[in-house]
Amino acid sequence: MNAKVSTVLSRDSFEKALRVKGAFYHIHHPFHRAMYSGACTPDQIRGWVANRYYYQINIPQKDAAIMANCPDAAVRRLWLQRILDHDGDEDSAGGIEAWLQLAEAVGLTREEVIDQRHVLPGVRFAVDAYLNFARRATWQEAACSSLTELFAPEIHQSRLDSWPAHYPWIEEGGYRYFRKRLSEARRDVEHGLGITLDHFVTEAQQQRAFEILQFKLDILWTMLDAMSMAYVHKTPPYHTVTDKQVWHRGV
């Protein structure tokens, strides 16, 4: 799964090898394939939206951790935009607000999403692992972990292309987040990729970059594994030892 670097790759070859990692992006997960093929039930869509909210609210914390560890003011000024994109500012609502609008569009209430009652333990564990990595890694390594953005425009476009036809019950206003991220992700890729290509220049460093990117891909894939167990295979956490309503109110 991890690319093996036996010699130092040129800048172009290194970028191409990083992009090859897209084969492991969660757009290829069976749960996501079901979503953009129209095979998901309303409850499965709602479960995905409610769980992904936990990821969304942790992204600006991850970006703040990168900034806190970065001594380069020029990098911090550029990276700051990512936090504003998610948290918003006095002039415009950010991505987290747009995600809450998506939640309402699929039939969830703001309260039940914000209080995280639907967040699965496996999803929480995966997201927390990502945030903890960003806090403890060097700022260049944490920036590298964000390179799943290389593949993000495709996943957002797939939702915009397929969801309105397959899920007409979703209100149109819910798609604002995906449209918003199409341009933002492309801008962020340019910055994060530049940092990675500039910093990871030795054989060992490039191998480390592949490992970091695979780690982030594993995070995203594992989140969907947890959702598949709960919403597709009907085996939510602790279901064999306690009443499932104790930990999760069905969505």
If we ignore hydrogens and angles and just use 3.5 Å, is the side chain of [X] paired with the main-chain N or O of [Y] as donor and acceptor?
X	Y	value
Q44	Y231	yes
R110	E104	no
T235	M229	yes

Which heavy-atom pair separates [X] from [Y] by the least distance, and what is that distance?
X	Y	answer
S158	S162	O-OG, 2.7 Å
H199	Q205	O-OE1, 3.1 Å
I66	A143	CD1-N, 3.9 Å
A50	H118	CB-CB, 3.8 Å

Same hydrophobic cluster for [X] and [Y], using side-chain heavy-atom links shorter than 4.5 Å among ILVMFWY?
X	Y	value
I27	F24	yes
M223	F125	no
L80	I57	no
M67	Y130	no
Y167	V113	yes

Pair Q207-E203, side-chain donor/acceptor within less than 3.5 Å: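 No.
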By ring pair (Phe, Tyr, Trp, His ring centres under 6.0 Å) - contacts of Y175 (at least two apart):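 Testing Y175 for ring pair (Phe, Tyr, Trp, His ring centres under 6.0 Å), a comparison that skips the adjacent residues, returns none.
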Residue pairs passing the salt bridge (Lys or Arg N to Asp or Glu O under 4.0 Å) test where at least one lies in residues 164-182, sequence neighbours excluded: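 Checked against salt bridge (Lys or Arg N to Asp or Glu O under 4.0 Å) - neighbours excluded - the pairs reaching residues 164-182 are E172-R179, K180-E184, R181-E184, R181-D188.
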Test applied, salt bridge (charged side-chain N to carboxylate O under 4.0 Å, His left out); reference residue, E141; option that passes from R208, R136, R135: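 Of the listed residues R208, R136, R135, the salt bridge (charged side-chain N to carboxylate O under 4.0 Å, His left out) partner of E141 is R208.
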Option from V201, L9, L18 for which side chain to side chain contact (heavy atoms under 4.5 Å, CB included) with Q206 holds: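 Exactly one candidate clears the test, L9.
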Sequence-distant partners of R124, side chain to side chain donor-acceptor pair (under 3.5 Å), two or more places apart: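 Counting only residues at least two positions away or on another chain, R124 forms a side chain to side chain donor-acceptor pair (under 3.5 Å) with Q116.
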Side chain to side chain donor-acceptor pair (under 3.5 Å) partners of D87, counting only residues at least two apart: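 Side chain to side chain donor-acceptor pair (under 3.5 Å) list for D87, sorted by chain: empty.
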Ring geometry between F215 and F133 (parallel below 30°, tilted from 30 to 60°, perpendicular above 60°):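 Correct class here is tilted.
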From CA spacing to verdict: side-chain contact (heavy atoms from CB on, under 4.5 Å), E154, Y25: CA-CA 10 Å; E154 179 184 1; Y25 193 48; 5.9 Å; no
Side chain to side chain, S146 and K62, heavy atoms closer than 4.5 Å: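 S146 vs K62: side chains touch.
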Spacing of L160 atom CG and I155 atom CD1 [to the nearest 0.5 Å]: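 Going from the CG atom of L160 to the CD1 atom of I155 covers 11.5 Å.
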Ring centres under 6.0 angstrom apart (F210, F14):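 For F210 and F14, the ring centres are under 6.0 Å apart.
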E15/R19 salt bridge by N-O under 4.0 Å criterion: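 Salt bridge present between R19 and E15.
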Derivation and outcome, side-chain contact (heavy atoms from CB on, under 4.5 Å), residues L102 and V106: CA-CA 6 Å; L102 171 63; V106 302; 4.1 Å; yes
Reference residue W221; test ring-ring contact (aromatic ring centres under 6.0 Å, His included); the match among H26, H29, H32: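 The option that passes is H29.
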Side chain to side chain donor-acceptor pair (under 3.5 Å) partners of residues 67-83, not counting sequence neighbours, each pair once: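 For residues 67-83, and leaving out neighbouring residues, the side chain to side chain donor-acceptor pair (under 3.5 Å) pairs sorted by first residue read D63-W79, Q81-D85, R82-E149.
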Of all pairs that satisfy ring pair (Phe, Tyr, Trp, His ring centres under 6.0 Å), the ones with a partner from residues 48-68, not counting sequence neighbours: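 Matches after skipping sequence neighbours: W48-W99, W48-W163.
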